Each structure stands twice: as structure tokens, then as C-alpha cells.
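A quick note: this is a predicted structure, and the numbers were derived from the prediction, not measured.
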Amino acid sequence: MAAIADAALNTAETMPDTSATGENTPSETAVGETAIGETAADRIRAAIVRGDYAPNQRLIEADLSAAFDASRATVRTALLALTGEGLVERMPNKGSRVRAISLEEAIEILEVRMGVEGLCAAKAAEEVGEGEIAELLDLRADMLRAVADGDLPEYSRLNQLLDQRTREFARHATAAGVLARLHAQSVRHQFKLSGRPLRAKVSVQEHVAIIDAIVAKDPDAAEQAVRTHLRSVIAALRELP
């Protein structure tokens with residue numbers, strides 16, 4: 001969703017490569033491999049999105065096995081899944097690395113997200129219940145407070161929560177799956193906006209407009225608010241030095 005688009009901390013571009021060598025090969029059953037493999041993919045994906053691994057950084061299976069407490073086979077399966085999502089690329093005879101995504105590609109992804117995230121917001125406005133409305137209003141107040149206090153890490157956390165809740169309230173599994181993949185690919189560029197307090201003051205009002213439209217159960221306004229926000233993110237990215 002648009003909520004996370006420009007509020008996370010920018011570490012991805014500056015994280016050094018701290019990879020070490022070593023072997024770690026715990027044994028697991030086939031059933032265990034499947035369950036843990038899914039978890040490993042989720043955790044490695046989250047680490048890449050957070051910026052724990054920088055663009056073009058090598059992903060060494062032994063290191064990932066130790067870091068995520070999974071077998072080498074499980075890590076290999078996770079890396080193949082993330083390759084399919086466009087987060088990781090395989091290098092012939094060299095293993096895997098985090099795929100570097102250009103600014104222009106990130107903007108193209110945001111343009112695609114505009115349509116899907118607008119759909120999610122519209123669906124959320126149609127489906128939202130009273131308890132969910134109360135949660136959104138609490139989030140609204142917390143986001144405004146975080147920006148007023150200059151607490152950008154907290155604002156980032158709340159944006160992620162709003163993103164998650166909007167997808168859940170939309171009750172549209174296909175759109176949620178598409179957004180998860182697209183967001184992971186483009187989010188590192190959007191992180192560059194996070195350390196700019198003036199940008200946070202703009203984006204929080206855009207997020208408030210999304211929340212207000214969902215709470216008002218106005219699908220058209222919710223979709224338009226998402227599009228307005230993502231256009232603003234794209235414009236801000238293009239202005240970065």
C-alpha cells in the first residue's frame with residue numbers, strides 16, 4: 001500500500017558488505033524444509049527490504065543459513081523464490097546477490113502499484129467494519145503525533161501497519177499478493193525520502209486523506225487519495241539529487 005511508500009529509514013544504499021565465509025548444514029526432514037523454507041524466504045525478503053543487505057551485495061548461503069537458522073537447502077529454495085520475485089539475481093558460478101533496481105524501474109513499479117493500491121483502498125472502503133474504523137482512527141492520530149514529534153522511525157512503523165491493515169480490510173488476496181511483490185522491489189528507492197522531515201509533513205497528510213476516505217466508506221475518494229499520494233512520491237523521487 002501507499003502507506004509505507006516513503007517513510008522507512010534509508011539504510012539500504014549505505015549498508016556495508018559484512019559477509020563472512022563458513023559452513024552450516026543442519027539436517028531437517030522434507031516436511032520441515034517446506035515450512036522453514038517459507039519462513040526463510042519471508043525473513044530474507046524482509047531483511048532486504050529493511051536494507052540489511054545492500055544492492056549488489058552477495059548473498060552467501062552459509063551466512064544466511066547461520067543468520068536465519070535454516071539449512072543450506074532451505075536457504076537455496078528461499079533464494080530461488082526471491083529470484084522469481086525480482087529481489088535477488090543469480091550470478092553464473094558466483095551464487096546470488098541482491099538485485100539493484102534503477103530509479104526509473106522503481107518509478108515504473110510505483111505507477112503499476114498506483115492502480116492496484118487504489119483498488120485495495122477502494123475495496124477497504126467498501127468492506128471496512130466499525131471495529132476496523134476505530135483502529136484506523138487511532139492510527140491516524142498516532143501518525144500525526146509521530147510526525148509532530150519528529151519521530152520518523154515510529155512514523156515508518158505506523159505506515160507499515162496502515163499498509164498491512166488496508167490490505168487486510170480490502171479482503172482481496174490477489175491484490176495483496178501483487179502488492180507484496182511490487183513493494184519489495186521498489187521500496188529501497190522510496191527509503192531515500194524517509195530522512196526528510198519536510199517530506200514526512202507532506203506524506204502524513206496524504207495518508208490521513210486515505211484513512212479519512214476509507215473511514216467515510218467512500219471508495220472513489222479512497223482510490224483517488226492513493227493515486228494522489230503515489231504521484232507525490234514519484235515527483236519527490238525525481239527531485240532527489
Side-chain angles (χ1 to χ4, degrees), residues 1-9 42 45-46 49-50 109-187 190-191 193-237:
M1 256 302 297
I4 193 175
D6 55 355
L9 295 176
D42 290 342
R45 182 191 302 108
V49 169
R50 280 197 308 270
I109 292 170
L110 281 167
E111 290 170 342
V112 174
R113 282 175 51 190
M114 198 180 295
V116 185
E117 293 188 10
L119 169 65
C120 265
K123 287 289 186 181
E126 293 173 354
E127 301 288 341
V128 69
E130 292 306 313
E132 295 164 341
I133 286 174
E135 183 177 356
L136 286 173
L137 291 175
D138 286 343
L139 268 174
R140 183 187 192 280
D142 291 343
M143 291 171 76
L144 287 168
R145 186 178 305 111
V147 172
D149 293 343
D151 190 347
L152 297 182
E154 175 64 4
Y155 180 51
S156 170
R157 186 190 72 80
L158 293 169
N159 281 337
Q160 294 180 53
L161 182 57
L162 176 58
D163 171 74
Q164 176 187 338
R165 290 293 185 263
T166 303
R167 293 187 200 181
E168 291 171 357
F169 299 166
R171 297 169 177 83
H172 198 300
T174 299
V178 169
L179 287 176
R181 291 190 295 274
L182 292 176
H183 172 263
Q185 290 180 33
S186 62
V187 71
Q190 296 155 20
F191 283 172
L193 301 176
S194 64
R196 298 170 176 252
L198 292 178
R199 174 61 200 170
K201 291 179 180 179
V202 172
S203 68
V204 72
Q205 294 301 326
E206 295 167 353
H207 292 136
V208 163
I210 295 169
I211 292 173
D212 287 349
I214 294 173
V215 167
K217 301 186 178 183
D218 187 336
D220 292 338
E223 181 174 1
Q224 185 56 49
V226 166
R227 288 179 173 274
T228 296
H229 172 58
L230 286 179
R231 287 192 189 101
S232 173
V233 172
I234 291 170
L237 285 175

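Of all non-hydrogen atoms in Ala170 and Cys120, the two that sit nearest each other are CB-O, 3.3 Å. Closest heavy-atom contact between His172 and Ala175: ND1-N, 3.1 Å. Closest non-hydrogen pair, Arg167 versus Ala176, comes out as NH1-O, 3.7 Å. Among all heavy-atom pairs drawn from Leu162 and His207, the shortest one is CD2-CB, 4.3 Å. Minimum interatomic distance between Val215 and Leu137 (heavy atoms only, all atoms of both residues): CG2-CD2, 4.1 Å. Looking at every heavy atom in both residues, His229 comes nearest to Ser203 through CE1-CB, 4.2 Å.
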Could you go step by step and tell me if Leu144 and Gln205 meet the side-chain contact (heavy atoms from CB on, under 4.5 Å) rule?
CA-CA 8 Å; Leu144 287 168; Gln205 294 301 326; 3.7 Å; yes
Passes side-chain contact (heavy atoms from CB on, under 4.5 Å), Val128 versus Lys217? Steps please.
CA-CA 7 Å; Val128 69; Lys217 301 186 178 183; 4.0 Å; yes
Can Glu127 and Phe169 be said to form a side-chain contact (heavy atoms from CB on, under 4.5 Å), step by step?
CA-CA 6 Å; Glu127 301 288 341; Phe169 299 166; 5.9 Å; no
Intermediate values then yes/no, salt bridge (charged side-chain N to carboxylate O under 4.0 Å, His left out), Asp151 and Arg145:
CA-CA 9 Å; Asp151 190 347; Arg145 186 178 305 111; over 6 Å; no
Walk me through whether Arg165 and Glu135 qualify under salt bridge (charged side-chain N to carboxylate O under 4.0 Å, His left out).
CA-CA 9 Å; Arg165 290 293 185 263; Glu135 183 177 356; 2.4 Å; yes
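Note that CD1 of Ile211 is 12.0 Å distant from CD1 of Ile133, once rounded to the nearest 0.5 Å. Atoms CG and CD, on Leu139 and Glu132 in that order, are 12.0 Å from each other to the nearest 0.5 Å. Glu206 contributes atom CD, which lies 15.0 Å from atom NZ of Lys201 (distance to the nearest 0.5 angstrom). In this structure, Ile234 CD1 and Leu110 CG are separated by 5.0 Å, a value rounded to the nearest 0.5 Å. Atom OG1 of Thr166 and atom CG of Leu136 lie 6.0 Å apart (nearest 0.5 Å). Distance check, rounded to the nearest 0.5 Å: CG of Leu237 to CZ of Arg199 gives 8.0 Å.
Inspection of the Glu168 and Gln164 side chains reveals an N or O donor paired with an N or O acceptor under 3.5 Å.
Between the side chain of Tyr155 and the backbone N or O of Val204, at least one donor-acceptor pair lies under 3.5 Å.
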Which donor-acceptor pairs under 3.5 Å do side chains of residues 220-228 form with protein atoms, sequence neighbours excluded?
| residue | atom | partner | partner atom | Å |
| --- | --- | --- | --- | --- |
| Gln224 | NE2 | Thr228 | OG1 | 3.4 |
| Thr228 | OG1 | Gln224 | O | 3.0 |

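Salt bridge present: Glu117 and Arg113 bring a charged side-chain N and a carboxylate O closer than 4.0 Å.
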